[in-house]
Protein chains: 2
Amino acid sequence: MRTLKYAILGLLNKKPMTGYDIGKEFNNKDLAEFWTAKHSQIYPELKKLLDEELIVYQIEISGEILEKKRYSITEKGKEAFLNWLKKDEPMEPTPKDIFRLRMYFSNNLDGATRLYLLDRQLIQHRDRLAHLNKNKERYDDIPPLESEEFGDYLVLSGAISREEATIQWLENFIAYCKNQDRNLSSL
Amino acid sequence: MRTLKYAILGLLNKKPMTGYDIGKEFNNKDLAEFWTAKHSQIYPELKKLLDEELIVYQIEISGEILEKKRYSITEKGKEAFLNWLKKDEPMEPTPKDIFRLRMYFSNNLDGATRLYLLDRQLIQHRDRLAHLNKNKERYDDIPPLESEEFGDYLVLSGAISREEATIQWLENFIAYCKNQDRNLSSL
DNA sequence: CCTTCCATGTAACTTGTTACATGATTTG
DNA sequence: CAAATCATGTAACAAGTTACATGGAAGG
C-alpha cells in the first residue's frame, strides 16, 4: 500500500527536511503515536521517491565537510500525496495486540501471575497516559482546523482516548480477577 | 519474537486442530480482534513447530481420500507456551493507524472532503461496534476466570471498548469540524 | 577530550500479504 | 450438479526490524 511513501510525502509537503529530520518526526513526535519508521527504512524509501520524481534534494554543507540532503516535494509529489489523502479507503483490519493475545490464553495462568502481569501493564499504560496528558497541556485551546498544529492535536487526543480505553479495560479485568479470587477463598 | 508460534501453541493447547481449523480461529472468531494469520503463514509455521518438536500430528481420513493432519501440542510445546505466557514483557510500541495518519495531514483537505471521510469512517466503526455488541449477547454473565470462554469474553470486551473510544474520537472531531465551519461561514 | 547528537547508508533477516496451485467433501 | 466449504501447500513480493558501518558537529 506504500503508506510510508505517503507519510514521507506528507511531511515534506509541510516543509523541506533531511532523512534524519523525517526520522525524528516518526520517533520523537506526536505522529509517532500512529506511525513510525526507522532510518533504515526511510533512506531507501527516499531513494525510491527520487526515482519516481516525487521529491528532489539539495545538498547543504554543515560545518566544514558534512553534507546533508534536504529533500523537498515536487508538484508531481504534491499531486500524488493529495490524491492519496482524499481517497476513501475501507477501514483497516484490526491491529494486532500481543498482550491481549496473551490474556486470551490467561486461563492457563495462576491467579497471582495473572494479576501481576495485568498490574504491570496497567502501570505502563497509566505512565503513558500521564505523559500524553502533559503534552496536551501545551495547547490552551484546540488549534484551528487549517493550522499545522491541528494534526498534532488530533493524534494526541486520539492517543489519549486509546490509552483511556485500554486502562478502563485493564481495570475492569483486574477488578473481576480480585472479585473471583475473594469468592473462591471464602469457600 | 515468534508471536505466531505461541499463538498456534496456545490454540493447540486447548485442543488438537488442523491447520485449517487454526486459520478459522485467526479469521472468524473473537480472537481475530487482536491476532490474525492467513493459511499461507500458518502451514509453514506448523512445519517449523514440528521441527522444534513442540507439536505432533496424526493423519485422519475424511471421506474416501482426503487426508487431514490433526496437530496436537507435546509436553515440550506446553512448556514453551507456558513460559511465554507468564513472561512480563514491556508494553508494545503503539500500533500503526493509517486513517489517523491521514487525518494528521487533514489540514490539506477541503472541509467537505474531510467531513465525508470522517463520516464514512464513523459509519464503519459503528457497524463494527454493533456487530461486537451482538456477539456479546451470547454471554448472560461473565464466564468464570478459569474457563475456556473467558478468553473470548475478554477479547470481545477489549474490542468493544476500543471501538467505543474510536467512535468518541471521531464524533468529537466531526463536531469540531462542523462548529468551525459554521463560525467561518457566519463571517 | 569526550559524549551526545547529527547524518547517511547497506545487509540480513523476520513477518505478513497476495497470488498461484490443487483437489475432496458436503449441502442444497 | 453446482456452489460453498474443507483442506494443504508454495512462490513472489512488500514491509519492517536489527545489526553492521562510517564519520562529522556541537556542547560541556
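In the text below, chain A, chain B and the rest are named by the order of the sequence lines, each starting its count at 1.
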N-O pairing of A:Glu146 and B:Arg114 below 4.0 Å: yes

Comparing nearest nucleotides in DNA chain D, the 5'-proximal residue of the pair A:Ser40, B:Pro44 is B:Pro44

| message | Could you go through A:Phe105 and B:Phe81, starting from their C-alpha distance and side-chain angles, then the distance that decides it, and tell me whether this counts as ring pair (Phe, Tyr, Trp, His ring centres under 6.0 Å)? | response | CA-CA 10 Å; A:Phe105 296 121; B:Phe81 169 66; 5.4 Å; yes

Is any side-chain N of the basic residue among B:Asp21 and B:Lys68 closer than 4.0 Å to the acidic one's carboxylate O? no

From NZ of A:Lys24 across to P of C:dA7 the rounded distance in Å is 7 Å

Note: chain A reaches DNA chain D at heavy-atom distances under 4.0 Å over the stretch, first to last nt, 5' to 3', of D:dA15 to D:dA25

Counting neighbours of NZ on B:Lys14 that are heavy atoms of other residues, nucleotides or ligands and sit closer than 6.0 Å, is the number greater than 12? yes

Report whether B:Trp84 and B:Leu82 are members of the same hydrophobic cluster (ILVMFWY, side-chain heavy atoms less than 4.5 Å apart, transitive linking). yes

Check: B:Met1 and A:Ile98 side chains under 4.5 Å, non-hydrogen atoms: yes

Describe the nucleic acid contact of B:Lys47 in one word from base, sugar-phosphate, nothing, applying a heavy-atom distance below 4.0 Å.
-> sugar-phosphate

Contacts of A:Glu52 meeting salt bridge (Lys or Arg N to Asp or Glu O under 4.0 Å) (sequence neighbours excluded), chain-then-number -> A:Arg2, A:Lys5

Per-helix bend value, the helix from C:dC1-D:dG28 to C:dG28-D:dC1, C1' rotation axes over five pairs per end, 10° rounding, shows 40°

Residues pairing under side chain to side chain donor-acceptor pair (under 3.5 Å) where one sits in residues 31-41 of chain A, two or more places apart or in two chains, turn out to be A:Glu33-A:Arg128

Please enumerate all protein N or O atoms sitting under 3.5 Å from an N or O of nucleotides 12-16 of chain C, with distances to 0.1 Å.
{"unit_1": "C:dT15", "atom_1": "OP1", "unit_2": "B:Met1", "atom_2": "N", "d": "3.1"}
{"unit_1": "C:dT15", "atom_1": "OP1", "unit_2": "B:Arg2", "atom_2": "N", "d": "2.9"}
{"unit_1": "C:dG16", "atom_1": "OP1", "unit_2": "A:Lys96", "atom_2": "NZ", "d": "3.2"}
{"unit_1": "C:dG16", "atom_1": "OP2", "unit_2": "B:Gln41", "atom_2": "NE2", "d": "2.9"}

Residue pairs meeting side chain to side chain donor-acceptor pair (under 3.5 Å), one or both in residues 53-63 of chain A, sequence neighbours left out, come to A:Glu60-A:Arg70

Residues passing the side chain to side chain contact (heavy atoms under 4.5 Å, CB included) test with A:Asn107, sequence neighbours excluded, are B:Glu148

Sorted by number, residues from residues 49-69 of chain B placing a heavy atom under 4.0 Å from DNA chain C are B:Ser62, B:Gly63, B:Glu64, B:Ile65, B:Leu66

Sorted by chain and residue number, the side chain to side chain contact (heavy atoms under 4.5 Å, CB included) partners of B:Asp127 (sequence neighbours excluded) come out as B:Ile123

Taken in chain and number order and not counting sequence neighbours, the residues that satisfy side chain to side chain contact (heavy atoms under 4.5 Å, CB included) with B:Asn133 are B:Leu129, B:Ile160

Ordered by number, residues from residues 8-20 of chain A within less than 4.0 Å of DNA chain C (heavy atoms) are A:Thr18, A:Gly19, A:Tyr20

To the nearest 0.5 Å, atom CD of B:Glu163 lies from atom CD of B:Gln168 at 13.0 Å

| said: Students often mix this up, so state it plainly: with edges at 30° and 60°, are the rings of A:Phe173 and B:Phe150 parallel, tilted or perpendicular? | reply: tilted

A:Asp21 CG to C:dT8 C1', in whole Å, measures 13 Å

For B:Lys29, the side chain to side chain contact (heavy atoms under 4.5 Å, CB included) test, sequence neighbours excluded, returns B:Glu25

